[in-house]
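When a residue number appears, it is its place in the shown sequence, counting from 1.
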Amino acid sequence: MSLTDFFSPLNTEQFTPKQGFFTSQLGLKTQFYTESFPDFEENKFDIAIFGVLDGRSAVDNEGCGIGPDYFREKFYKLNEGAFASRLVDLGNIRPGATVADTYIAIKMVVSELIKNDIIPVIIGGGQDLTYAQYLGYENLEQKVDLVIVDNQFDIDDDNQEGIATRSDCYLNKIFLHQPNYLFNFSNIGYQTYFVNQESLSVMDKLYFDVHRLGEFSQDITLTEPIIRNANMISFDMGCIRSADAAANGNATPNGFDGEEACRITRYAGMNDKLTSIGFYEFNPAYDNNGQTAFLLAEMVWYFIDGFYARKKDFPLTPKSQFIIYRTSLKDGSGEMTFVKSKKSDRWWMQVPYPSGQSKNERYHLVPCRYDDYQMAVNGDMPDLWWRTYQKLN
């Protein structure tokens with residue numbers, strides 16, 4: 001089946017200004033699916049944007065399925081940055097006869113794009129589509145590190161059969177999916193009053209990494225090592241405070257501000273491991289003068305800017321571009337090894353695989369901060385090292 005079968009072509013007149021695009025704007029820097037579907041072999045694309053017109057499983061946010069074209073109206077007016085972009089807009093995935101049909105379409109599109117070394121940028125729809133995005137990795141024979149930017153954990157009693165789910169419980173589907181190819185889950189920005197203690201206990205038992213909004217209130221750069229570990233990211237627009245992004249049926253007073261959201265997505269773009277990202281729950285019905293549509297457009301712009309600023313220092317080759325540091329623990333139980341990139345000054349730590357767990361590698365690399373190295377220098381084991389070791393085991 002051709003990818004063409006899943007998409008509706010775009011009518012570019014719907015988002016083209018009356019005077020047309022200026023030569024510096026993304027509207028003239030992007031190839032669009034209008035009549036013939038773009039040829040991936042003939043054209044080397046880096047990033048593929050596509051919309052999903054399905055919000056049927058978005059809880060208390062009816063109308064988010066029409067968001068993609070409102071996003072385009074703002075995005076393609078933005079000027080290209082200090083990069084030569086190779087973008088394609090594939091149009092919109094039509095809603096399937098059932099939600100499950102939409103999931104299958106997203107799964108196949110994401111999988112095919114990744115195989116062609118193209119990063120999918122998904123503009124949804126409800127955040128339940130994250131599960132479909134995750135399914136796109138099923139046949140790629142790799143473990144997945146998943147990062148969700150959200151103000152809560154979307155876990156609930158999900159008794160639905162098949163692959164259909166809802167935006168408030170899609171994590172159940174991901175955690176219980178077989179075969180299991182999820183290595184790690186991280187949440188950025190949860191707000192404690194939206195999360196029950198049982199869910200926090202589950203995250204702790206699974207050695208998943210969850211981070212309160214307050215952890216980043218003074219320093220948003222603390223999100224960077226978490227994001228740098230991700231293969232895929234799902235961003236719920238509801239995690240941005242309503243003053244900056246009102247276009248969500250579940251918008252709340254607190255959350256990341258617009259600038260912080262843009263910095264998070266730029267970090268995502270700079271992540272050498274990242275192969276897909278989705279932006280969900282944007283609902284034009286609640287927008288205020290197109291403000292949230294503008295913010296979403298800017299977030300995607302910053303993601304692209306980050307992508308073209310990648311340092312390509314992962315995997316850690318050549319070795320001459322890195323500095324190795326070794327520290328000893330206080331109790332004399334062993335040493336820890338850290339790696340610093342000369343190009344980006346970013347840090348990783350090596351966590352050894354338990355005996356017999358990996359035939360090809362001796363250790364797993366985890367993005368970390370200089371503070372983790374300082375802790376190890378003082379003889380203490382960073383919590384991130386221990387949690388990662390438990391997952392490897």
Q: With side chain to side chain contact (heavy atoms under 4.5 Å, CB included) as the test, would you mind laying out the steps for T337 and M349 before giving the verdict?
A: CA-CA 6 Å; T337 303; M349 60 183 171; over 6 Å; no
Q | Connected via hydrophobic side-chain network under 4.5 Å: V121 and F235 | A | yes
Q. Within the distance-only criterion (no hydrogens, no angle test), does the side chain of K273 pair as donor or acceptor with the backbone N or O of F314 below 3.5 angstrom?
A. no
Q | Evaluation steps, salt bridge (charged side-chain N to carboxylate O under 4.0 Å, His left out), between R266 and D305 | A | CA-CA 7 Å; R266 190 173 192 275; D305 182 62; 2.7 Å; yes
Q.
Using only atom types and a distance under 3.5 Å, with no angle test, would you say the side chain of R346 pairs donor to acceptor with the backbone of P225?
A. no
Q) In terms of heavy-atom contacts, does CD of E259 have more than 12 from other residues, nucleotides or ligands at under 6.0 Å? A) no
Q.
Tell me whether L200 shares a hydrophobic cluster with I188, the cluster being built from Ile, Leu, Val, Met, Phe, Trp, Tyr side chains joined at under 4.5 Å.
A. no
Q.
With ring pair (Phe, Tyr, Trp, His ring centres under 6.0 Å) as the test, pick out the partner of Y134 among Y170, Y181, F175, F185.
A. Y181
Q. How many angstroms lie between atom CD of E224 and atom CG of N229, to the nearest 0.5 angstrom?
A. 10.5 Å
Q: Provide the closest heavy-atom pair for I123 versus I49 in the form atom of the first, atom of the second, distance.
A: CG1-CG2, 4.3 Å
Q. So how far is it from L171 CG to F208 CZ, rounded to the nearest 0.5 Å?
A. 9.0 Å
Q: Verify side chain to side chain donor-acceptor pair (under 3.5 Å) between D101 and T98, making sure each step is shown before the conclusion.
A: CA-CA 5 Å; D101 293 330; T98 66; 3.2 Å; yes
Q: Please step through side chain to side chain contact (heavy atoms under 4.5 Å, CB included) for the pair F183 and K391, ending with a clear verdict.
A: CA-CA 8 Å; F183 177 72; K391 283 194 284 279; 4.2 Å; yes
Q: Provide the full list of salt bridge (charged side-chain N to carboxylate O under 4.0 Å, His left out) pairs with a residue in residues 70-82, sequence neighbours left out, each pair given once.
A: K29-E80, D69-R72, R72-D89
**Q.** From I304 atom CD1 to I119 atom CD1, the distance as rounded to the nearest 0.5 Å
**A.** 10.0 Å
Q. To the nearest 0.5 Å, how far apart are OG in S186 and NE2 in H211?
A. 5.5 Å
Q: Verify the distance criterion only: is there a donor paired with an acceptor across the side chains of N283 and N61 at less than 3.5 Å?
A: yes
Q. Checking side chain to side chain contact (heavy atoms under 4.5 Å, CB included) for the pair F75/L296: CA distance, chi angles, key distance, verdict?
A. CA-CA 8 Å; F75 178 70; L296 176 55; over 6 Å; no
Q) Is there a path from Y353 to Y207 through hydrophobic residues (I, L, V, M, F, W, Y) whose side chains come within less than 4.5 Å of each other? A) no
(Q) Show the nearest heavy-atom pair for residues G126 and E281, with the distance to one decimal. (A) CA-OE2, 3.3 Å
Q | Test of ring centre spacing under 6.0 Å for Y325 and Y373 | A | yes
Q | Test log, rule ring-ring contact (aromatic ring centres under 6.0 Å, His included), inputs F32 and F15 | A | CA-CA 12 Å; F32 297 97; F15 52 83; 5.5 Å; yes
Q.
Is there a path of hydrophobic side-chain contacts, each under 4.5 Å between heavy atoms, that joins L140 and I174?
A. yes
Q.
With rounding to the nearest 0.5 angstrom, report the CH2 to OG distance, W301 to S85.
A. 10.5 Å
Q: Give me the ring orientation class for F21 and Y76: parallel if the planes are under 30° apart, tilted from 30 to 60°, perpendicular past 60°.
A: perpendicular
Q: Could you tell me which non-hydrogen atom of F153 sits nearest to which non-hydrogen atom of S199, and how far apart they are?
A: CD1-CB, 3.9 Å
(Q) For a quick test of reading the model, state the closest non-hydrogen atom pair linking I240 to M299 and the distance between them. (A) CD1-SD, 3.9 Å
Q: May I ask you to check whether D128 and Y280 show a side-chain donor-acceptor distance below 3.5 Å?
A: no
Q. Within a radius of less than 6.0 Å around CG of N196, do more than 12 heavy atoms belonging to other residues, nucleotides or ligands occur?
A. yes
Q.
Determine whether a donor-acceptor pair (N or O, by modelled atom type, separation under 3.5 Å) exists between the side chain of S57 and the backbone of T165.
A. yes
Q. Taking the six-membered ring for Trp, are the ring centroids of F71 and F282 within less than 6.0 Å of each other?
A. no
(Q) Tell me whether the count of non-hydrogen atoms from other residues, nucleotides or ligands lying under 6.0 Å of CZ in F307 goes above 12. (A) yes
Q: Verify the distance criterion only: is there a donor paired with an acceptor across the side chains of S8 and N92 at less than 3.5 Å?
A: no
Q: Show your working on salt bridge (charged side-chain N to carboxylate O under 4.0 Å, His left out) between D204 and R387 and close with a plain yes or no.
A: CA-CA 9 Å; D204 187 60; R387 298 173 75 86; 3.4 Å; yes
Q: With sequence neighbours excluded, tell me which residues meet side-chain hydrogen bond (donor to acceptor under 3.5 Å, both in side chains) with T221.
A: D219
Q) Rounded to the nearest 0.5 Å, how far apart are CD of Q321 and CD1 of I323? A) 10.0 Å
Q | Over 12 foreign heavy atoms within 6.0 Å of CD, E41 | A | no
**Q.** Residue Q218 excluded, over 12 heavy atoms near CD under 6.0 Å
**A.** no
Q: Step through the shown structure and confirm whether more than 12 heavy atoms of other residues, nucleotides or ligands are within 6.0 Å of NZ on K205.
A: no
Q.
Between the side chains of D272 and K312, is the shortest nitrogen-to-carboxylate-oxygen separation below 4.0 Å, so that they form an ion pair?
A. no
Q) Is any NZ, NE, NH1 or NH2 atom of the basic residue among D154 and R166 found under 4.0 Å from an Asp or Glu carboxylate oxygen of the other? A) no
Q) Near E62 CD, under 6.0 Å, is it more than 12 heavy atoms from other residues, nucleotides or ligands? A) no
(Q) Between D46 and Y308, do the side chains contain a donor N or O and an acceptor N or O under 3.5 Å apart? (A) yes
Q) Between the main-chain N or O of K311 and the side-chain N or O of K343, is there a donor-acceptor pair closer than 3.5 Å? A) yes
Q: For the pair H177 and Y131, name the ring-plane relationship: parallel under 30°, tilted 30 to 60°, perpendicular over 60°.
A: perpendicular
Q: Consider only side-chain heavy atoms of I, L, V, M, F, W and Y, link residues closer than 4.5 Å, and tell whether F37 and L10 are in one cluster.
A: no
Q.
I'd like to know if the side chain of T275 pairs up with that of Y137 as donor and acceptor (distance under 3.5 Å, no hydrogens or angles considered).
A. yes
**Q.** Where D54 and T102 come nearest, the two heavy atoms and their spacing
**A.** OD2-OG1, 2.6 Å
Q: Kindly give the heavy-atom pair with the smallest separation between M270 and A309, and that separation in Å.
A: CE-O, 4.1 Å
Q. If you count the non-hydrogen atoms of other residues, nucleotides and ligands that lie under 6.0 Å from CZ in F83, is the total more than 12?
A. yes
